[in-house]
Every structure is written in C-alpha cells, then in structure tokens.
Amino acid sequence: MDRMPASIFNDVIGPVMRGPSSSHVAGAARIAAVVRQSVGGAPMRAVVDFDVNGSLAASHDGHGTDMGFVCGMLGKEITEPDVDRYARLAEEAGVEIEFRILDYGAEHPNNYRIEVWGRGGEHHLWEGVSVGGGMIEMRRYDGFDISLCGDFYEVLVKFPHGGAAAMKSSRAVADSAPDFAQALEGGGGSLLSLKYSKAPEPEALRVAAAEHGALDFVLIAPMLPTLSRANCAVPFSTAGEMLAYNAGRGLAMWELAAEYEAARGGTAKEDVLEKMRGLVSIMEGALKEGLAGTEYADRILGPQAYLIEAACKEGALIPCDILNNVIKSVTAIMETKSAMGVVVAAPTAGSCGCLPGTLLGAGFALGKSREEITRAMLAAGLVGIFIAEGATFAAEVGGCQVECGAGSGMAAAGLVQLMGGSAERCADAASMALQNITGLACDPVANRVEVPCLGKNVMGGSNAVASANMALAGYDKVIPLDETIAAMYDVGLKLPLELRCTFGGLGKSPTALRLLEKMKNR
C-alpha cells in the first residue's frame, strides 16, 4: 500500500491536547490506544522499551511520554483535566506499566517496543514510532512487518502458515469490501491485514476467521480526524505543483487549501472551513486562558504574558504594536500549554504558540474577522502539507527548525493571506521564513518544553511578520519553497543527535543542570 497523502487536520493542525509535546504525549497516547485495543480494551500489564540511543530515553518523563502512554492505555482522552494524575489513575485501575531503557538498535529516535498482556489472557508484541506532531506508525505486530497509522479501521488476524492467504481469497473478505488486503508470512505463521475506510461488520469476519483456523483476531478503530481510503487522490502535494495547478485560476491560498483537504478527506470545502473554525476557536480559548494568567507547579516559567501590555502602558517598549501583540499572544498560548491547558498542536505542541499566536495576535490587532483568521490558518496549513510531504515535524529527527521553524514558515504564509496576498506571495513568504531558521537546534532545558522553546516560538512569530512583509513588498525569495523545505530537512538530518531534542546545547549548561535537579526534587 502506498503512503497516504498528508492531511491538514491529521498531520499539520492538531491534535487538540494537553501537555508539553505532541510527539511525546499525543503520539504516545495514540500508540497506547492501539495496544489497548489489541487486548480488547482491558490491559493488565505493559512493558515499554525505549532505546538508549533515542530521544525518549532522556526525555520520556519530562516531555510527557509516560503520561501520554498511560492515558492511552487507560482509554483516557488527553484533553481531560486530570491527565497529569496518570500514575495514580493507573494504580486505581489496576494497570501495571513499566518503562525500560535498553540498547536494542532502534532505527527511529521515537521508537516504542511494547509487550502487553490483557485480562482475558491476550498477549501481543508491538513496535511503533511517533513520527512527529502526534502522528504515529505501528511497524511490527507479533513479529510481522505492518504499517498502521490510525487512519483506517484495521483488522489483524493471525493464522498458521497459509491461513492468511486462504482467508484473503474468501467470500467473507470480498463481501466486507476492504480498501486494502494483505497476507503476510512469517516465522510464527501468517497474518491477514485488512484496512477499511468504513467500519466493517466484525462478527462476520470473526466467524470466517475461525473457520479458517485463526489463532487471534484484533480490530483497531481509527483515531485520526481524517480517514483514508483506497484511490485517495489530491490535486497537488508540493508548492510547485500547487502554483502550476493555480495557473489561470487565481485562487487564494486558503481556497487551494480547502480544495486540497476536501479532496483528501472526501468531503465538502465548507466542511473543511467549519472544522478549521472549530480549531481556531480552541486556539483563541488557549490565548484567553494564558492572558488571564496560569498557575502550575511543575514548570520553570511563571506567567509573563501580561508583562508586555504593562510595559507598553509605561512606554518602556520599542514601539511596534503588531509585533508586541504577537509576542504577548505567543507567550500566552505557550503558558497555557505549560500549565496543562488545552491547546492545538500546530504543527506541534512544542511550537503551539508560534502559528496561532502570530495569526490571532496580528489578526486581532489589525481588526481582522475570525473568518479571515480562519482562512489564514487554512493557508498556513497548506504550507504545513508541503513540509509534511517533504520533511518532518519531529524535532527528534530534524531539530527545532521543523517545529518552531515550520510554524514560522506557516505563519508567514498565513499573514500574507490575512493581508490579501496571492498564493504565490504566500509561498514566497514561507520560503523566506524557513530560509531564516535553517539549522535551528532543539535543546530544551531541564527536560521541559519551556526554555528556550518560548523564545523560539516568539522568534518564529517575529520572523513570520518580517518575512510576510518582505513577500508582500515583492522581495525576491530566490529559493523556491520546495527547495527550501528539502534543504531544511537535509540540514536537520545532519544535525548531531544532541541537537535534536535530547540533551545538548542549552540543556547542558550549568544552570540547566541545576534546574533539572531542582525539578526532579519537587
């Protein structure tokens, strides 16, 4: 099966969540949700292995991996208000979860190797990765190579050798009309993998599986907002293809984004707009919560967003009203995130302040309507599609340039849309913004996504404002957006491991080490 095209609502804007990191919290929760379903929703015990050379070994506690995984195993949504009580909740539910650090040669820095036992005697071995922005891919199941991303209804049936191929050819499978069907052979027998864009009738499949000598039958429900399907096609997947598609059409960037996502999700363009309106409303709620002031014990920085307005009233700041409003708004959303408030990962939780704070802060200061801001967010989301297709949103793979940097490029395009600029100018602004952040390291202090993350989100917003104005004025971007994305990704892959969201840079400074010990002893 070919990889599905990226979706604005799957890969770029979202998930809606609490916690410091989408890769760690949302990704872990989704991986655990798959594992939970494989034992019928009744887990008893799980052992989770992180590779010693990956990013999770050093950061799984401070970045919220443990919290996300436990909540997923308990069937608890990560938007619920008590998710930070995960250890107590697991104890109360009688679910035992052990995290281990081992050297097992994982290929991805966000790799999970999981052994799970169910209360009904089920036992499974899983391996998966959190690929960035809350997206996941389960890659191994009981010794079989698979690809499960949460965008289909999945049926996995184990057989003795030859059984999977026999059932794949059966009338029952044909009648169930799977979008994709695959029979795999392995050392422990065979596996039938069925993918459905609509919920199948499980009992008929269970009966057929039993008739073919099935050893095990697992049904996994999807968890992503936009489901996939066979023959899923989109009008373009790169900026260059978008501009060629738009030649002679003269569509605005937001209209192109709506066309893309409607094609990707098999829905109407108005449905795309309505879904984005809902996300913008949540972003605005996070902004208001941060501006009102937040309190949370387990964090480095206290509330600071109010300081910008106070200093403005005193005449203490350099006059730049739009930029100061962006700084205040980015800070407020980051503070909501750090206080375990509800935010939208856009494109990630670690960069959740940059894009929303910039578009909301600038938009409200300019007197723009919520509908105009929604359209700007769609334009930004389309730039995110090009980044998702050409690079990654995982700092563990490409450094902070693919999180706060990506958010900055997306925000620059959104600002151009907000000012009525063309799709070409949107792409130019995104390219210039991304060119300015190439090589940005990810070096969180004390295993908290606060310092220097706040400053990098603010920098991303400032860079977006400058890049948008440069594009609107007609500056030459020189390097097309697709080439800039490719260059950014190339640089990210070449960054040393210590500068890709682990324990390097500012995280190694003496003050950071003291803070780490202080946070551990709270």
Side-chain angles (χ1 to χ4, degrees), residues 2-3 5-6 11-12 21-23 27 51 53-55 106-111 129-133 135 137 139 236-244 347-348 350-351 354-355 380-413 426-444 452-453 456-457 459-460 463-464 467 470-471 475-507:
D2 294 334
R3 178 180 176 272
D11 301 80
V12 184
S21 166
S22 46
S23 290
D51 192 272
N53 296 307
S55 68
E107 295 181 358
H108 194 283
N110 287 346
N111 195 85
V129 297
S130 174
V131 298
M135 296 293 284
E137 183 182 20
R139 294 181 173 177
F236 45 78
S237 58
T238 68
E241 291 173 358
M242 176 200 71
L243 294 174
T348 68
S351 62
C354 177
L355 172 60
L382 188 52
V383 170
I385 288 292
F386 304 145
I387 296 172
E389 291 289 355
T392 179
F393 290 125
E396 299 86 351
V397 175
C400 193
Q401 58 176 359
V402 300
E403 293 203 22
C404 290
S408 184
M410 292 162 61
C426 288
D428 288 353
S431 182
M432 285 188 275
L434 293 176
Q435 290 173 37
N436 298 339
I437 52 78
T438 300
L440 190 65
C442 187
D443 52 349
C453 314
K456 287 177 177 175
N457 274 262
M459 178 277 297
N463 180 42
S467 298
M470 290 163 69
Y475 276 47
D476 184 359
K477 87 288 189 185
V478 181
I479 308 298
L481 177 55
D482 294 326
E483 293 182 30
T484 300
I485 291 171
M488 176 185 71
Y489 190 37
D490 178 61
V491 170
L493 294 175
K494 291 174 180 174
L495 286 173
L497 180 64
E498 291 79 11
L499 300 183
R500 290 186 275 119
C501 202
T502 49
F503 197 58
L506 290 175

Once rounded to the nearest 0.5 Å, what's the spacing between atom [atom1] of [X] and atom [atom2] of [Y]?
X	Y	atom1	atom2	result
Arg139	Asn111	CZ	CG	7.5 Å
Lys456	Cys442	NZ	SG	6.0 Å
Asp51	Asn110	CG	CG	11.5 Å
Glu107	Asn53	CD	CG	13.0 Å
Cys453	Leu506	SG	CG	9.5 Å
Phe386	Thr484	CZ	OG1	13.0 Å

Quick one: does any side-chain atom of [X] pair with a main-chain N or O of [Y] as donor and acceptor, under 3.5 Å?
X	Y	result
Asp490	Ala486	no
Asp443	Gly507	no
Arg500	Leu495	yes
Ser23	Ser130	no
Ser408	Gly460	yes
Ser431	Ile479	yes

Minimal non-hydrogen separation, [X] against [Y], with atom names:
X	Y	value
Glu403	Gly350	OE1-CA, 4.1 Å
Ala6	Glu389	N-OE2, 2.8 Å
Asp482	Ala239	OD1-N, 2.9 Å
Gln435	Lys477	NE2-O, 3.0 Å
Val491	Gln401	C-NE2, 3.8 Å
Ala391	Ile485	CB-CG2, 4.0 Å

side-chain hydrogen bond (donor to acceptor under 3.5 Å, both in side chains) with Ser237: which residues, sequence neighbours excluded?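 Partners of Ser237 by the side-chain hydrogen bond (donor to acceptor under 3.5 Å, both in side chains) criterion, ordered by chain and then number, come out as Glu241.
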ring-ring contact (aromatic ring centres under 6.0 Å, His included) with Tyr489: which residues, sequence neighbours excluded?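 ring-ring contact (aromatic ring centres under 6.0 Å, His included) list for Tyr489, sorted by chain: empty.
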Which residue, Leu434, Val12, Leu481, Val402, forms the side-chain contact (heavy atoms from CB on, under 4.5 Å) with Ile387?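 With Ile387 as partner, Leu434, Val12, Leu481, Val402 yield a single side-chain contact (heavy atoms from CB on, under 4.5 Å), made by Leu434.
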Pair Ser21-Thr348, side-chain contact (heavy atoms from CB on, under 4.5 Å): steps then yes or no: CA-CA 7 Å; Ser21 166; Thr348 68; over 6 Å; no
